[in-house]
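Working notes, beginning with the structure itself.
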Number of protein chains: 2
Amino acid sequence: MKDCSQCIVRNRAICSGLDIHELDLLGRQGRKQKIAKGQTVFWEGDDVVVVANVIEGVLKVSMSMSDGREQIVGIVFSSDFIGRPFGQQSPYSVTALTDAELCIFSRSTFDSFARQHPELEHKLLRRTLTELDRAHEWMLLLGKKSATERVATLLLEMSVRLGETGCTVDNGALDTFELPLDRQQIGDVLGLTIETVSRQFSKLKADGVIHLPDRRTVSILNRARLQDISAAA
Amino acid sequence: MKDCSQCIVRNRAICSGLDIHELDLLGRQGRKQKIAKGQTVFWEGDDVVVVANVIEGVLKVSMSMSDGREQIVGIVFSSDFIGRPFGQQSPYSVTALTDAELCIFSRSTFDSFARQHPELEHKLLRRTLTELDRAHEWMLLLGKKSATERVATLLLEMSVRLGETGCTVDNGALDTFELPLDRQQIGDVLGLTIETVSRQFSKLKADGVIHLPDRRTVSILNRARLQDISAAA
DNA sequence: CGCTCCATTGACCTTCGTCAAGTTCGGTGG
DNA sequence: CCACCGAACTTGACGAAGGTCAATGGAGCG
């Protein structure tokens with residue numbers, strides 16, 4: 001890798017706490033890699049040989065059962081971190097939902113670098129803690145919310161997180177955005193079937209809460225109403 | 001707090017990486033506190049003023065919606081850590097399921113101590129990462145598993161985690177144990193109603209997989225079968 | 001002995017999943 | 001530019017799993 005200081009996620013990724021010297025050191029260990037949409041970066045159950053920062057693109061983190069049932073347990077965006085540091089087996093798979101670019105490190109290299117650079121571990125800790133908060137929020141959704149509430153929650157969440165990833169200037173929630181997930185994947189995030197998701201989309205559209213110009217893009221027409229429907233805590 | 005070196009969770013809590021000097025320093029900041037069963041340690045949405053190690057007892061970590069629906073997002077045992085370091089608001093409530101004893105720190109004190117002691121942050125990071133793994137596993141359960149599978153999974157999980165907390169010598173999974181949760185709470189962990197949980201218990205009992213000597217205690221008669229039913233990944 | 005609190009069980013109903021057509025969109029080739 | 005093709009999505013009819021409501025059971029305690 002040549003120059004971390006020019007990296008577009010420089011200020012948002014976990015590397016952001018490092019000084020120029022450390023950044024250079026870490027940079028030597030990493031390599032950029034492009035991942036095509038649909039490609040899996042690593043598989044559930046495999047040995048964790050690498051971890052990575054997401055430079056560009058959207059990926060899903062998923063777990064599945066022996067009979068094929070799959071749950072998406074996370075969606076990661078530009079500047080997010082993927083992989084399981086300090087672990088032997090990967091508990092999940094990571095797959096690109098869009099074409100993506102990663103900054104990849106061998107896990108063992110990363111682990112020992114992290115141990116020698118508390119600032120990096122600190123950033124990773126903070127990130128893991130927010131990730132855990134998000135997981136908890138999602139457990140509430142999966143355990144207690146109705147189909148309508150789940151879909152509304154997802155739309156709001158995507159609106160916010162796509163807004164955060166710096167595609168826009170203002171960093172605010174987007175009113176119109178393109179979903180990086182197809183209907184099946186939305187079902188797999190929400191613990192619903194594709195048909196139920198579709199019906200809820202249709203209903204929200206019929207109620208004038210959202211507009212669906214095409215399969216993938218969503219326009220929020222009435223955010224307050226959507227928040228209401230999502231039964232936000 | 002007088003003497004951390006004598007603490008019963010000394011070797012399992014996040015303090016375990018600290019040397020005697022550091023341990024003494026940290027010990028001066030903490031205080032032990034007994035919590036009665038049913039008492040809430042801190043509330044969802046409140047400012048996080050404290051964090052704590054669990055010395056003894058079992059507590060639930062829960063999130064709830066404005067209309068009262070509640071999801072238990074975690075169960076913590078002896079030597080586990082509770083509270084949200086580096087955060088403003090607590091995203092969840094923590095309530096004692098049994099009488100408990102905590103080792104409490106002011107969050108700001110803990111935060112700055114942690115930042116000055118990378119070994120502590122490292123332990124906390126590892127713990128947070130396994131906590132996240134567990135949350136992911138539970139998302140799979142909540143999103144994709146049937147009622148029977150959920151109950152079977154919970155029983156196995158409790159069997160293992162109660163076994164780990166050092167109540168026994170061998171640290172293995174227990175075949176007979178007392179549930180720290182009542183039926184309503186089991187429902188709140190599994191995303192089911194109390195009636196469905198009860199029906200599944202009765203069914204497992206009728207099938208000879210488990211035995212229920214009284215409301216709270218469970219005896220696993222056929223672990224292999226239970227594992228099968230749980231649809232473990 | 002009887003009261004209270006859980007837990008269990010039963011009957012019924014709602015929500016969501018399943019199965020099976022359609023329909024739309026986007027891409028490809030004529 | 002238009003026709004066609006396939007994949008993804010939508011819609012409908014039906015059924016099953018689990019929720020709801022209500023009655024019953026049973027253990028612990030005064």
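Note on naming: letters A, B, ... go to the chains in the order of the sequence lines (proteins, then strands), and numbering restarts at 1 for each one.
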Quiz item: Can you find a donor-acceptor N/O pair under 3.5 angstrom joining the side chain of B/Glu195 to the base of D/dC21?
Solution: yes
Quiz item: Over how many whole Å does the gap from B/Arg216 atom CZ to C/dC5 atom P extend?
Solution: 15 Å
Quiz prompt | d(CD, B/Gln200; C1', D/dG19) in whole Å | solution = 13 Å
Practice problem: Indicate the ring-plane relationship of A/Phe105 and A/Phe110, choosing parallel, tilted or perpendicular according to the 30° and 60° boundaries. | Solution: tilted
Exercise. Round to the nearest Å and state the distance from B/Glu149 atom CD to D/dG18 atom P.
Key: 9 Å
Quiz item: Relative to the 5' end of DNA chain C, which residue comes earlier, A/Thr148 or B/Ile194, by the nucleotide with the nearest heavy atom?
Solution: B/Ile194
Quiz prompt | A/Asp214 or A/Ala147, whichever maps to the more 5' nucleotide of DNA chain C | solution = A/Ala147
Quiz item: Quick one: is A/Thr196 getting a side-chain N or O under 4.0 Å of the C/dG17 phosphate, OP1 or OP2?
Solution: yes
Exercise. State, without any angle test, whether A/Thr148 and A/Lys203 hold a side-chain donor-acceptor pair at a distance under 3.5 Å.
Key: no
Quiz item: Contact class for A/Gly187 vs. all strands (heavy atom < 4.0 Å): base, sugar-phosphate, or nothing?
Solution: nothing
Quiz prompt | Rounded interatomic separation in angstrom, taking CD from A/Gln184 and C1' from D/dT10 | solution = 14 Å
Quiz item: Under 4.0 Å between a side-chain N/O of A/Ser198 and OP1 or OP2 of D/dC9, yes or no?
Solution: no
Quiz item: Should the pair B/Tyr92 and A/His136 be assigned to parallel (<30°), tilted (30 to 60°) or perpendicular (>60°) ring geometry?
Solution: perpendicular
Quiz item: A/Phe201 CZ to D/dT11 P: how many Å, rounded?
Solution: 12 Å
Practice problem: Return yes if the base of D/dG12 and the side-chain atoms of A/Arg199 contain a donor-acceptor N/O pair under 3.5 Å, otherwise no. | Solution: yes
Quiz prompt | Value in whole Å for how far the C1' atom of C/dC25 lies from CG of A/Asp182 | solution = 14 Å
Quiz item: Is a donor-acceptor pair below 3.5 Å formed from side chain A/Arg183 to base D/dT11, judging by atom type as modelled?
Solution: no
Self-check item: Minimum-distance nucleotide to A/Ser146 side chain [options: C/dC16, D/dT20, D/dG25]
Solution: C/dC16
Quiz prompt | A/Asp188 bridged to B/Lys144 by N-O distance under 4.0 Å | solution = yes
Quiz item: What integer distance in Å separates B/Leu192:CG from C/dT8:P?
Solution: 14 Å
Practice problem: Please confirm whether any donor atom in the side chain of A/Arg215 sits under 3.5 Å from an acceptor in the base of C/dC25, or the reverse. | Solution: yes
Quiz item: Under 4.0 Å between a Lys/Arg side-chain N and an Asp/Glu carboxylate O for B/Lys34 and B/Glu101?
Solution: yes
Practice problem: Would you kindly give the CG-to-P distance between A/Leu181 and D/dC9, to the nearest whole Å? | Solution: 10 Å
